[in-house]
Number of protein chains: 2
Amino acid sequence: MPALEIGQVDDRTPPATVRRRRGPRKGDLKEAAILEAAWRLLAEKPITSISIDELAAGAGISRSSFYFYFPSRDAVIGALARRTSEDLSMAVLAPLSSGRPPREVVQSVVRNLLDRWQTHGPLLRSMDALAERDADLRAFWHSITTDIVAAYAAAIDAERARGTAPAGPPQALDLAWALTNLYWRAGHQMSLGQDPGGGERLVETLAVVTMRAVYGDG
Amino acid sequence: MPALEIGQVDDRTPPATVRRRRGPRKGDLKEAAILEAAWRLLAEKPITSISIDELAAGAGISRSSFYFYFPSRDAVIGALARRTSEDLSMAVLAPLSSGRPPREVVQSVVRNLLDRWQTHGPLLRSMDALAERDADLRAFWHSITTDIVAAYAAAIDAERARGTAPAGPPQALDLAWALTNLYWRAGHQMSLGQDPGGGERLVETLAVVTMRAVYGDG
DNA sequence: GAGAAAACTCAACAACACGTTGAGAATGTT
DNA sequence: AACATTCTCAACGTGTTGTTGAGTTTTCTC
């Protein structure tokens, strides 16, 4: 699956904002320009301090015109978020179905996720903040993470069935949920530069914790 | 340590807002009333949708008067956060120095933390959001969590010295950091009702993960 | 308890961001 | 060319923010 870049027009799926426009038209460029501007601005300041004016100016249109494309600033974040969700899912699901040895799978999952946080950090953080206010986005994102957790739990259950991992409690789902949230927060903190020792050391730590949590029987 | 309740006047330390007032004066009641109003409102809606007007009205003063006490809405959250930080530190530090067996210590730490998230959830979530914008609050909170992590790491190192836990890598500090962030995110999600299966089951899951992470040698 | 200082109150003002409206220009379709 | 759709934006109304300056009340000091 092509990893759709930010700013590139997404013609694979109907637009997330089912609002006014229908067919593939010219002003799609402007919509993309707004998203691109949001992406750019997000890298330098938190979402709450980006005004519609800046977004519009960044896309080369007037503030009023902005509202033709998006109903609100939050909707822009929502659109970016939906666009990133696939990428994030794949970061976890691909290694899980690779058939490689457990230790490598875990390492890949963790590495991939932290990698996404490195590049999409500002967006993911904004989304986290937005999800508290926006019920739609919260539901959407909840379903994404639920899928990821379910897949992870299935992998744990498979290991348990093979006898390589001890049976619960905790249930595989609970374990998967906890680990996924561990990765999430770790990535979040890393993207803020709040982690002790960068990159590979963090991957290693998370991988060890995961291996012990799944295969240990403390 | 007396667990200072919200709305109670804090005369133990100089006011966080070193702005205008000095001695212990009458209007302290109003300041407390604002904090109490913030606390109350926070329980029903996210910080971003609470207006200064509501805060002032909740405290029985005019909007302009609000600015006599706090320079901004964020400062109110900051004040509440500082007030809660001790409580949160103690939730972790007390069990660690209790001398009880490891498994019980871990369970207490986790239980205490989740308990705080249950009662202070809306505030802690607001703080998380605020910390991204406010450098002061971020630094303050970072020092709090750093202390907690350090204490946790010291406990792990003690176990390692006793030979009951395997030596690193990962370093005890990295392990403590990861576990603390796991608890944080778990509490965060729980306070949003986004966790699978409530209370005690979550405590159990986190306790198991912790025990395996510290004592396992996967 | 009189007078001064400090603490406190608030209406009015200015600045800003938001979202809407309605009139028009550009683009596409027949 | 005539028509419909897409796109643009100035102008407006609204709500929230933070400041100012003039007042009232409380507290302190003698």
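Below, chain A is the first sequence line, B the second, and so on; all start at residue 1.
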Q. Any side-chain N or O of A:K30 under 4.0 Å from OP1/OP2 of D:dT8?
A.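 Answer yes for this pair, as a side-chain N or O of A:K30 is under 4.0 Å from OP1 or OP2.
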**Q.** C:dT9 OP1/OP2 closer than 4.0 Å to side-chain N/O of B:S64
**A.**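 No.
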Q) Is the closest basic N to carboxylate O distance between B:R82 and B:D136 below 4.0 Å? A)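 Salt bridge: no.
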By nearest atom, which of the nucleotides [options] is closest to the [X] side chain?
{"X": "B:I52", "options": "C:dT9, D:dT17, C:dG19", "answer": "D:dT17"}
{"X": "A:S62", "options": "C:dC10, C:dG19, D:dC9", "answer": "D:dC9"}
{"X": "B:S72", "options": "D:dG18, D:dT8, C:dC18", "answer": "D:dG18"}
{"X": "B:Y67", "options": "C:dT9, C:dC18, D:dT17", "answer": "D:dT17"}
{"X": "A:Y69", "options": "D:dG18, D:dC7, C:dC8", "answer": "D:dC7"}

Q | A:L42, A:I52, A:I34 screened by side chain to side chain contact (heavy atoms under 4.5 Å, CB included) with A:V76, the one that passes | A |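 Exactly one pass, corresponding to A:I34.
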Q. In whole Å, what is the span from the CZ atom of A:F68 to the P atom of D:dT5?
A.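 Checked: the CZ to P distance equals 13 Å.
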(Q) Regarding B:S51, tell me which of base, sugar-phosphate or nothing describes its non-hydrogen contacts under 4.0 Å with the strands shown. (A)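 Sugar-phosphate contact only.
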Q) Heavy atoms under 4.0 Å, any strand shown: does A:R73 hit a base, just sugar-phosphate, or nothing? A)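 Sugar-phosphate: the residue A:R73, judged by heavy atoms under 4.0 Å, touches backbone atoms but no base.
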